[in-house]
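Inspection log for the structure reproduced underneath, given as structure tokens.
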Amino acid sequence: MMLVTAAVVLPGPAGESIVDGGVLVDDAHIAAVGPRATLEQIAPPGARHLDFPTATLLPGLVNGHVHLAMDASPDPLGALLRSEPATLAVDMAQRATRLLAAGVTTVRDLGDRDGLARRLRDEIDAGTRPGPRILTAGSPLTIPRGHCHFLGGAVEGVAGIRAKVAELATAGVDVIKVMAGGGHLTPGGPRMWESQFSRAELRAVVEEAGRHGLPVAAHAHGIAAITDAVAAGVDTVEHCTGMDGQGRMRRYDDLMREMAERGVAACCTTCGPDWRAVRATEGDDVARRTYERLVLLEQFGVPLITGTDAGVANASFDDLVGLLELYHWLGFPAARVVELATVASAAAIGLGAVTGRLATGYSADLLVVEGDPLVDLSALSRTRLVVARGRTYPAGDVTRPATMTSTDIKEGLR
């Protein structure tokens, strides 16, 4: 067993905190959470005690939209197409460690090729590789020559849709991804705001996925694609940009209300710190209008998922905090931002009873950061320790789990 203590413990839900508290870990799960004095009394003799007297302990973070098969370079598609499967598998494993080093203990990979994310998931689950928990979609469904067709998920008609969903389910994916609309990454494909599937076809995706007990995530920038995806019964909408038929961003209040009523979550990826470039070049007013959908979705009660689209151009694997700072800049209280990146996102991707909070019986996914993120959100980037399903990783080295003592923490990891 292992006891981790810190100056402040944030269990996850906004408003909850424990001063001078800790978490008692039993193998891969949390055995108890509470004040340090209480946990020291119940910790068995010989339990490791890792103490961080100037730090904050909180749940591991959730990045709800990543692409481990892409390299976040200016030309991620070219790099992907040039990569052999064996080389790509190695690169994906390295990107997973970067996520872990940044305090991310759970991700959804929403589009890879050759089942590589699924294999990496299984290796991490088995403890043979370091990395976050991965929910993988495999190859996303798209139309022939449609958005991301190069990932191998092209289908035609309802029969083709059902066959592909069944194939992915048999292969062991955790979620079905469908490209309800186009995107800028695919040369010659439908434009971002154009729909790729009819509402009936999207309903077939949802129905077939439901037969296999799988949720559906729909890529949709256009209002028409979002509308059809929500009506078809998808679980999450990715991007949710709100573009009209001419590619202009519009408010879609009625649709947001419907999403809230149906419990459809939104993962509005904004590629991490790119929002700062928008502020710098266009000014604060334009930046606020560009990202106002985050505020509106929150006001209407739509469940939100924090996700960076890591892997696409210039969206790195180690800066979820850059995205979280956008929420804060838009007016979200720091406590709510932390809640979104932990409790709320875990619940919205179907893991609300598994991870995302510090509570007895939950997975031992912990993050220790220097300082207090409720006072300074950038503290989330000052990682001291990551614990992923009970495996401890010191700051600066997530290549392998570590056997650590309190002396190691105090002397070697400041």
Side-chain angles (χ1 to χ4, degrees), residues 3-23 30 33-39 50-64 99-106 270 272-276 279-280 284 287-288 291 294-295 298-299 304-308 316 318-346 355-359 365-387 393-396 406 409-410 413-414:
L3 174 61
V4 183
T5 54
V8 177
V9 175
L10 303 177
E16 294 186 12
S17 65
I18 305 169
V19 176
D20 195 22
V23 173
I30 294 173
V33 181
R36 174 200 301 264
T38 300
L39 297 180
L50 309 182
D51 184 34
F52 299 85
T54 60
T56 299
L57 170 60
L58 66 154
L61 305 178
V62 177
N63 192 330
L99 285 158
L100 189 64
V104 174
T105 56
T106 299
T270 56
D274 279 2
W275 65 274
R276 290 194 176 89
R279 282 188 69 195
D284 283 3
R288 290 191 185 279
Y291 301 112
L294 293 170
V295 176
E298 172 82 347
Q299 291 174 347
L304 294 176
I305 302 169
T306 55
T308 62
S316 72
D318 46 17
D319 195 21
L320 175 61
V321 178
L323 170 65
L324 301 183
E325 289 174 335
L326 167 62
Y327 283 86
H328 194 41
W329 179 73
L330 289 170
F332 287 70
R336 175 57 174 158
V337 176
V338 171
E339 182 179 54
L340 284 174
T342 55
V343 179
S345 290
T355 190
R357 67 177 67 212
L358 306 180
D365 300 326
L366 319 177
L367 172 61
V368 179
V369 298
E370 186 61 32
D372 184 352
L374 300 189
V375 176
D376 175 10
L377 201 60
S378 69
L380 292 174
S381 63
R382 298 193 287 273
T383 304
R384 296 286 304 281
L385 177 74
V386 180
V387 180
Y393 301 91
S406 58
I409 294 295
K410 292 176 180 178
L413 298 173
R414 290 195 183 281

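This one's a predicted model, so the numbers in the text were calculated from it and none came from an experiment. Sequence positions, counted from 1, serve as the residue numbers for this chain.
- Here the CG atom belonging to Leu294 is positioned 11.5 Å from the CH2 atom belonging to Trp275, to the nearest 0.5 angstrom.
- Distance check, rounded to the nearest 0.5 Å: CD of Glu339 to OG of Ser345 gives 10.0 Å.
- Minimum interatomic distance between Ser17 and Leu10 (heavy atoms only, all atoms of both residues): CB-CD2, 3.8 Å.
- When every heavy atom of Leu330 is checked against every heavy atom of Tyr291, the shortest pair comes out as CD1-O, 3.7 Å.
- With values rounded to the nearest 0.5 angstrom, Leu320 atom CG is found 9.0 Å from Leu99 atom CG.
- Interatomic distance, OG1 of Thr105 versus CG of Leu100, reported as 8.0 Å (0.5 Å rounding).
- Checking each of Val8, Val368, Leu385 against Leu57 for a side chain to side chain contact (heavy atoms under 4.5 Å, CB included) leaves exactly one that passes, namely Val368.
- Ala7 is linked by a side chain to side chain contact (heavy atoms under 4.5 Å, CB included) to nothing, counting only residues two or more places apart in sequence or in another chain.
- Considering every non-hydrogen atom in both Gly356 and Ala346, the closest pair reads CA-CB, 3.8 Å.
- Contact between Pro59 and Pro11 at its shortest, heavy atoms only, is CG-O, 3.4 Å.
- Legend: residues meeting side chain to side chain contact (heavy atoms under 4.5 Å, CB included) with Leu3, ordered by chain and number and at least two apart, are Thr5, Leu24, Leu39, Glu40, His49.
- Interatomic distance, CG of Leu324 versus CG of Leu340, reported as 8.5 Å (0.5 Å rounding).
- Contacts classified as salt bridge (Lys or Arg N to Asp or Glu O under 4.0 Å) and involving residues 54-63 (residues at least two apart or in different chains) are not found.
- In this structure Glu298 satisfies the side chain to side chain contact (heavy atoms under 4.5 Å, CB included) test together with Leu304, Phe332, Arg336, sequence neighbours excluded.
- Looking only at side-chain heavy atoms (C-beta outward), Arg384 and Thr54 come within less than 4.5 Å of each other.
- Residues forming a side chain to side chain contact (heavy atoms under 4.5 Å, CB included) with Ala359 (at least two apart in sequence, or on another chain): Arg357, Tyr362.
- In terms of the side-chain hydrogen bond (donor to acceptor under 3.5 Å, both in side chains) criterion, residue partners of Asp318 (sequence neighbours excluded) are, by chain and number, Arg98, Ser316.
- Put simply, CG on Leu358 and CD1 on Ile18 are 8.0 Å apart, with the number rounded to the nearest 0.5 Å.
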Test log, rule side chain to side chain contact (heavy atoms under 4.5 Å, CB included), inputs Val386 and Val104: CA-CA 8 Å; Val386 180; Val104 174; over 6 Å; no
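- Partners of Thr56 according to the side-chain hydrogen bond (donor to acceptor under 3.5 Å, both in side chains) rule, which considers only residues two or more places apart in sequence or in another chain, do not exist here.
- For residues 324-333, the set of pairs meeting the side chain to side chain donor-acceptor pair (under 3.5 Å) definition, not counting sequence neighbours, comprises Arg276-Glu325.
- Checked against side-chain hydrogen bond (donor to acceptor under 3.5 Å, both in side chains), Asn63 has the following partners two or more places apart in sequence or in another chain: Thr308.
- Residue pairs satisfying the salt bridge (Lys or Arg N to Asp or Glu O under 4.0 Å) criterion with at least one member in residues 5-21, sequence neighbours excluded, are listed as follows: Asp20-Arg36.
- Although no hydrogens or angles enter the test, the distance criterion places a donor-acceptor pair under 3.5 Å between the side chain of Thr306 and the main chain of Val62.
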